[in-house]
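The structure appears right after this line, and notes come after that.
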Amino acid sequence: MKVITKHINTKPDLIREALIKNDSKFINMGIMDGLLGLSLYHYYYYLFTNDDVYLNDVITYLEKSIEGIGDHYKGTNIINNIIDLGDYLFFLYQQGVIDKEDINELLVDSDTIIKDFLLEETNKKNLDPMLGAIKAGYYLLNRLEFIDVNSELIALLSSIEEQTITVESFVYWESILKDPQEPIVELGVTHGVAGIVNFLLQAYSKNIAYNNLKSLILRGLNFLYEFNEKKGVNWFRLEANEKEKLNYQDLAYGDIGIGYTFLNAGTLLQNDDLLAIGSDILQNAAKFRDNNEKYTKDASLFYGSSGLCALFSKVNTKLEDSKLQEAVNYWKDITLNKDNKKSAWAGYHSNYNAQHDYTHLSFSEGICGIGIMLMAQEKELGHDYLRFLNFY
């Protein structure tokens, strides 16, 4: 199938219209599938249009989200929503939209809640990067610039080290997310070893004074590399004790998160060997094509084509590789051509969790993330928003 290239044209306008028309369908207030995603969308819409008036919408949806997290909260997983709020406020501070004083005032109660959550999850030995202790750890890393949370971060790093399983020069961690009674060893960035190493790298970049931090990073990477088969669409399996490998690429699972982790490690540790490994993994991942929509069934960031375009574009600012650029162009075109559904979501439709209207609207799985990618790609705004999917 030949992909017919479309120009972005009015797509961000159509998506914005659908988001505003349906904003009451959000029950969560966070970034991933909540109302904060609309604030983030309007920040990129402000950059895309270069019109200050849309900064008002950034603040409006931020305020609605803060209000929605209050006593009458109706959504799911309020802790993740509070963490998202803190991370997003830090993002807006970095962009010069809000002041340091605003953050401290808004998060004075959240800090205590997140510290309690961190203690609870470490006691349960739930290190999960998306839903457990490490999710809280990212919040605390952002708060370092404002308040002293070093003791909490050291305690988390100590817990991570205590939970390592050591085999020769390797370390790895078990995941209890699916079943605390039967933990598994996932390799990927979402719930697995790569996700934990990625957090350790962020702690390293913040100069957290923990003696074994670099050693944990390197030995965790050694463990991952043991599973590099260098053949197939994905070189790495999903779980250490299972041979299953995916026949497709997305940001949620598979090689892309692992390759990004090696690339990130090579950059932060100034290690050319790790950079080369990460580059090789990502270049192989960039070969994947799905002209018949057998695997890539929607355009979402987390599971679909817009995420592939964004990630390959982000890493190619460093690698400047022609094959990666071909992948960027391919997945952008695929994203633009997936607006062919009869739906209320600007022509798009989410494949997973489609029973919820807010999924189709959301940042991680819906048109909010799709539109942000298209605007960022068109105006070369960068893809820093991928941090909310733990691609820092």
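Side-chain atoms are counted along with the backbone in the values below, which use heavy atoms only and exclude waters and symmetry mates. Just so you know, these numbers come straight off a predicted model, no measurement behind them.
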When you look at [atom1] of [X], are more than 12 heavy atoms from neighbouring residues, nucleotides or ligands closer to it than 6.0 Å?
X      : atom1 : result
Lys379 : NZ    : no
Asp51  : CG    : yes
Lys124 : NZ    : yes
Lys100 : NZ    : yes
Asp179 : CG    : yes
Lys125 : NZ    : no
Glu145 : CD    : yes

Do we see a donor-acceptor contact under 3.5 Å between the side chains of [X] and [Y]?
X      : Y      : value
Ser350 : Asp298 : no
Asn264 : Asn198 : yes
Asn353 : Glu365 : yes
Asn81  : Tyr73  : yes
Asn126 : Asp128 : no
Tyr253 : Glu186 : no
Gln202 : Tyr138 : no
Thr76  : Asn28  : yes
His360 : Tyr358 : no
Ser322 : Glu326 : no
Gln325 : Asn329 : yes

Return the minimal non-hydrogen interatomic distance between [X] and [Y], and the atom names on each side.
X      : Y      : result
Ile15  : Tyr348 : CD1-CE1, 4.5 Å
Gln377 : Ser313 : OE1-OG, 3.1 Å
Ala252 : Asp250 : N-OD1, 3.0 Å
Leu268 : Ser205 : CD2-CB, 3.9 Å

Any donor-acceptor pair under 3.5 Å from [X] side chain to [Y] backbone:
X      : Y      : answer
Asn56  : Val53  : yes
Thr296 : Glu293 : no
Asn212 : Ser215 : no
Asp321 : Leu324 : yes
Ser159 : Ala155 : no
Asp255 : Trp235 : yes
Asp280 : Ile277 : no

- Kindly determine whether Phe223 and Val185 satisfy side-chain contact (heavy atoms from CB on, under 4.5 Å), including the steps that lead there. CA-CA 11 Å; Phe223 175 78; Val185 182; 4.0 Å; yes
- Item | Of Leu89, Leu107, Asp148, the residue whose pairing with Arg143 passes side-chain contact (heavy atoms from CB on, under 4.5 Å) |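 Only one option passes, and that is Leu107.
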- Message: Which residue is it: Leu374, Ile372, Thr49? I am looking for the one with a side-chain contact (heavy atoms from CB on, under 4.5 Å) to Tyr44.
- Response: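 Among the candidates, only Ile372 passes.
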- Query: Going by the angle between their ring planes, with limits at 30° and 60°, are Phe90 and Tyr93 parallel, tilted or perpendicular?
  - Reply: tilted
- Query: Which class fits the ring pair Tyr61 and His42: parallel under 30°, tilted 30 to 60°, perpendicular over 60°?
  - Reply: parallel
Using side-chain heavy atoms (C-beta onward) and a distance below 4.5 Å, is [X] in contact with [Y]?
X      : Y      : value
Leu216 : Val197 : no
Leu40  : Phe91  : yes
Phe388 : Tyr88  : yes
Asn150 : Leu144 : yes
Tyr260 : Lys314 : yes
Tyr204 : Phe199 : no
Leu92  : Leu62  : yes
Lys135 : Glu121 : no

- Taking salt bridge (Lys or Arg N to Asp or Glu O under 4.0 Å) as the test, write out the residues that go with Arg237, two or more places apart.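 Testing Arg237 for salt bridge (Lys or Arg N to Asp or Glu O under 4.0 Å), a comparison that skips the adjacent residues, returns Glu229.
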- Message: Check for me whether Arg16 meets the cation-pi criterion with Tyr45, that is, NZ or CZ under 6.0 Å from the six-membered ring centre and within 45 degrees of the ring axis.
- Response: yes
- Message: Distance to the ring centre below 6.0 angstrom and angle to the axis at most 45 degrees; does that hold for Arg289 and Tyr330?
- Response: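 Geometry flag: set, cation within 6.0 Å and 45°.
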In a table with atom names and distances, give each donor-acceptor pair under 3.5 Å that connects a side chain of residues 168-176 to protein atoms at least two apart or in another chain.
residue: Trp173; atom: NE1; partner: Ile160; partner atom: O; Å: 2.8
residue: Ser175; atom: OG; partner: Leu177; partner atom: N; Å: 3.3

- Message: Walk me through whether Ile184 and Asn241 qualify under side-chain contact (heavy atoms from CB on, under 4.5 Å).
- Response: CA-CA 8 Å; Ile184 59 176; Asn241 297 320; over 6 Å; no
- Message: Centroid separation under 6.0 Å, is that true for the rings of Tyr295 and Tyr248?
- Response: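 Distance test on ring centres: under 6.0 Å, yes.
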- Phe312 and Ile256: side-chain contact (heavy atoms from CB on, under 4.5 Å), yes or no, with the steps? CA-CA 9 Å; Phe312 288 134; Ile256 286 180; 3.9 Å; yes
- Task: Please lay out, stage by stage, how Ser305 and Thr335 fare under the test side-chain hydrogen bond (donor to acceptor under 3.5 Å, both in side chains).
- Result: CA-CA 6 Å; Ser305 58; Thr335 300; 2.8 Å; yes
- Item | Steps toward salt bridge (Lys or Arg N to Asp or Glu O under 4.0 Å) verdict (Lys11, Asp339) | CA-CA 9 Å; Lys11 182 55 66 180; Asp339 67 341; 3.0 Å; yes
- Message: Assess the residue pair His349 and Ser343 against the criterion (side-chain hydrogen bond (donor to acceptor under 3.5 Å, both in side chains)); give the C-alpha distance rounded to whole Å, side-chain angles, the decisive distance to 0.1 Å, and a yes or no.
- Response: CA-CA 7 Å; His349 187 275; Ser343 75; over 6 Å; no
- Task: Apply the test side-chain hydrogen bond (donor to acceptor under 3.5 Å, both in side chains) to residues Glu161 and Tyr210: give CA-CA distance (whole Å), side-chain angles for both, the deciding distance (0.1 Å), then the verdict.
- Result: CA-CA 11 Å; Glu161 184 171 20; Tyr210 192 81; 2.5 Å; yes
- Partner residues of Tyr352 under the ring pair (Phe, Tyr, Trp, His ring centres under 6.0 Å) criterion, sequence neighbours left out: Tyr303
- Message: Would Ser364 and Leu301 count as a side-chain contact (heavy atoms from CB on, under 4.5 Å) here? Give the steps.
- Response: CA-CA 5 Å; Ser364 61; Leu301 281 178; 5.7 Å; no
